[in-house]
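Below: one structure, written as structure tokens.
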Amino acid sequence: MINKTYAWKRLAAHYRWHKKDEMKDLFLRDSERAQKYKVDLGNLYLDYSKNRINDKTMKYLINLTKEVKLKEKIDAMFSGQKINTTENRAVLHIALRNRTNTPIYVDGKDVMPEINAVFSKMKHFCDDVRYGKFKGATGKKLTTIVNIGIGGSDLGPFMATTALKEYWAKDMKCYFISNIDGSACEDVLSEIDPETTLFVIVSKTFTTIETLTNAGTCRKWLVDALGEPAVSKHFVAVSTNAAEVSKFGINTDNMFEFWNFVGGRYSMWSAVGLSIALMVGMENFERMLAGANAMDMHFKNTEFEYNIPVILALLGVWYNNFFGFKSYGVIPYDQDLRFLPKYLQQLDMESNGKSVAVNNKFVKYSTGAVLFGGAGTDVQHSFFQLLHQGTSIIPLDFIIPAISHNEIGFHHEILVANALAQGEALMCGKTVHEAAEELAKSGKTKAEISQLKRYKSFAGNRPSNTIVIKKLDPYSLGMLIAMYEHKVFVQGVIWNINSFDQMGVELGKQMALSILPELQGNASGIHDSSTASLIKLIKKMRK
Ligand code: G6Q
């Protein structure tokens with residue numbers, strides 16, 4: 001277990017010595033600090049100097065990577081070894097962005113030719129829809145894309161299409177239906193025209209209850225409007241299950257395949273990203289793949305000391321396992337990245353929210369942290385109060401594009417000023433004495449100062465990373481997402497857990513299946529008394 005290693009114990013001792021070090025003092029003592037703790041990849045820049053670290057911290061954290069053989073584990077992932085041990089699968093989202101086509105073998109077979117074949121099929125299809133060659137049943141151009149999927153088959157395409165809104169074809173719009181709540185279907189169907197709508201059903205298994213129920217409702221809506229033969233002109237599928245796809249009435253020529261070596265939450269780079277490609281064009285989709293590939297190469301080939309995903313992962317471990325900070329926030333200062341935290345919640349929490357190690361033993365240290373966030377400056381007016389003055393310390397990632405797609409007046413300068421100010425304020429804080437001085441300058445009486453000075457003080461010493469991208473374009477989006485994927489991977493390696501399964505989502509699904517017939521009819525099941533009386537109450541209310 002990692003917590004028994006020398007590197008871990010060294011870190012624990014180091015933590016005891018340095019836990020009270022003030023970052024603002026560290027800056028005063030070292031004028032080079034900002035230059036020392038940064039990595040510049042041109043399109044993406046990481047400043048990690050506002051963290052509670054010194055040179056030794058980084059050295060000891062890097063020692064941890066040797067202890068867990070991180071280099072070998074990275075090579076194992078990139079070479080197609082079956083590192084998803086509980087499902088006996090390779091983990092090859094990196095193959096989807098392997099722009100040099102170097103062969104990658106799974107069970108002795110190079111996976112690149114099939115990947116390229118699907119991309120080429122996607123390209124033709126996207127061009128045909130975008131240029132009006134693939135038309136709807138009544139001969140109209142398809143200009144509305146509705147993505148039906150959930151979890152990994154929704155969050156990536158949803159986040160990325162929103163992030164790349166500036167690259168959408170001008171005559172097209174898109175919607176996403178994921179939740180089983182009928183309102184999710186209704187909200188979309190009430191706004192769209194069947195004659196110009198293309199439904200993209202995304203489901204690896206094509207058995208997911210939410211997706212299949214939503215797809216069935218949309219299918220009925222379309223058939224009611226345009227008749228049964230219209231289905232093949234208005235529905236396409238992304239799946240691994242050809243039999244179920246064709247049962248649904250979708251021509252398997254219009255099915256886009258992906259593979260078991262691509263996990264759901266790592267799948268937006270595959271045909272699961274079809275809605276992204278339809279909206280922004282395959283060229284832009286490929287630019288996104290190229291950005292991710294640039295991050296893959298950086299991750300695979302760079303010394304850990306200068307390796308962005310590794311540094312971010314180690315800082316996360318430092319806070320989670322030594323300081324005991326059990327959550328972290330991601331705050332993009334970009335309106336179009338507002339769904340990034342939602343996407344990252346699945347990526348991080350479904351990957352690393354585990355308690356059993358790869359050696360089949362329960363872990364004795366904490367693993368995945370709670371991730372939350374939202375777009376700045378909006379969230380400054382909601383949860384930032386707690387970040388500044390609450391009793392929990394929550395490390396943050398600020399994400400800032402230097403250039404906006406909408407440079408209107410001073411909007412962007414104000415936005416960026418706020419992002420930078422938050423990082424500085426969280427770190428520097430304001431002592432009670434400083435608060436008192438400020439109150440005195442503003443003309444408050446002695447009594448007022450003594451009454452207010454503590455409320456107006458800020459503890460400070462609260463850490464953050466700042467990630468600057470030049471502009472939110474497909475390439476930098478690809479880099480950013482791949483950066484977080486690899487960060488999550490590194491933490492999984494350190495915690496010795498399998499980041500690529502998600503067995504924790506199963507129990508609730510199983511129980512829902514047994515409660516469903518009880519809600520629908522007279523079936524009765526065995527439950528705790530709370531659940532039993534809630535079933536009874538809701539049935540009564542629905543009568
Ligand atoms: C992600 C998970 C999960 C999955 C959904 C949808 O890693 O595997 O979120 O993507 O449960 O599954 P289907 O694509 O099979 O419908």
Side-chain angles (χ1 to χ4, degrees), residues 77 83-96 118 146-160 176-181 184-185 199-219 235-245 247-248 250 255-276 339 341-354 368 371 481-482 484-489 491-492 497-513:
M77 173 166 74
I83 60 168
N84 176 351
T85 45
T86 50
E87 296 176 321
N88 194 30
R89 288 178 185 166
V91 174
L92 281 178
H93 42 286
I94 55 100
L96 300 164
V118 173
V146 179
N147 190 95
I148 307 176
I150 196 163
S153 298
D154 166 72
L155 289 162
F158 177 53
M159 175 276 299
F176 287 81
I177 303 178
S178 58
N179 201 338
I180 186 67
D181 187 335
C185 269
F199 292 96
V200 180
I201 310 178
V202 187
S203 179
K204 189 169 171 176
T205 53
F206 226 78
T207 55
T208 306
I209 188 164
E210 292 93 337
T211 302
L212 270 286
T213 310
N214 283 329
T217 300
C218 294
R219 188 188 197 282
F235 279 87
V236 297
V238 179
S239 188
T240 52
N241 190 345
E244 285 302 316
V245 168
K247 233 195 251 171
F248 188 88
I250 294 175
M255 174 182 138
F256 299 83
E257 199 193 349
F258 70 120
W259 310 269
N260 274 336
F261 57 73
V262 180
R265 57 192 172 277
Y266 297 88
S267 66
M268 60 175 254
W269 320 98
S270 69
V272 169
L274 184 64
S275 300
I276 313 171
F339 299 119
K342 189 174 162 168
Y343 164 81
L344 292 177
Q345 277 177 327
Q346 185 194 23
L347 174 65
D348 196 330
M349 291 158 78
E350 196 163 273
S351 297
N352 285 344
K354 314 272 163 78
L371 186 159
I481 303 306
Y484 278 110
E485 285 178 344
H486 295 319
K487 173 200 162 176
V488 165
F489 169 75
Q491 292 190 328
I497 52 180
N498 176 9
S499 301
F500 301 104
D501 62 9
Q502 54 283 322
M503 302 197 182
V505 302
E506 281 163 23
L507 179 60
K509 278 194 208 171
Q510 242 173 41
M511 289 191 168
L513 285 180

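Indexing begins at 1, ligand by ligand and atom by atom, following the structure's order. Please read these numbers as outputs of a predicted model, since none were measured by experiment.
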**Asked** Do the charged groups of K247 and E244 touch, with an N to O distance under 4.0 Å?
**Response** yes
**Message:** Please determine whether side chain to side chain contact (heavy atoms under 4.5 Å, CB included) holds for the pair T205 and N241, giving the CA-CA distance in whole Å, both sets of side-chain angles, and the decisive distance to 0.1 Å.
**Reply:** CA-CA 6 Å; T205 53; N241 190 345; 5.7 Å; no
**Prompt:** Rounded to the nearest 0.5 Å, how far apart are OG1 of T211 and CD1 of I201?
**Reply:** 8.5 Å
**Message:** Looking at every non-hydrogen atom in both residues, tell me the closest pair between G492 and S499 and how far apart they are.
**Reply:** CA-OG, 3.4 Å
**Item:** Within 45° cone and under 6.0 Å: R89 NZ/CZ vs F500 ring
**Value:** no
**Asked** When rounded to the nearest 0.5 angstrom, what is the spacing between CG in L155 and CG in L344?
**Response** 10.0 Å
What are the atom names and distances for all N or O pairs under 3.5 Å between ligand 1 and the protein?
from	atom 1	to	atom 2	distance (Å)
ligand 1	7 (O)	R265	N	2.8
ligand 1	7 (O)	R265	NH1	2.7
ligand 1	7 (O)	E350	OE2	3.3
ligand 1	9 (O)	G152	N	3.0
ligand 1	9 (O)	Q346	NE2	2.7
ligand 1	10 (O)	G152	N	3.0
ligand 1	14 (O)	S153	OG	2.7
ligand 1	14 (O)	K204	N	2.7
ligand 1	15 (O)	K204	N	3.3
ligand 1	15 (O)	T205	N	3.0
ligand 1	15 (O)	T205	OG1	2.6
ligand 1	15 (O)	T208	OG1	3.4
ligand 1	16 (O)	S203	OG	2.6
ligand 1	16 (O)	T208	OG1	2.5

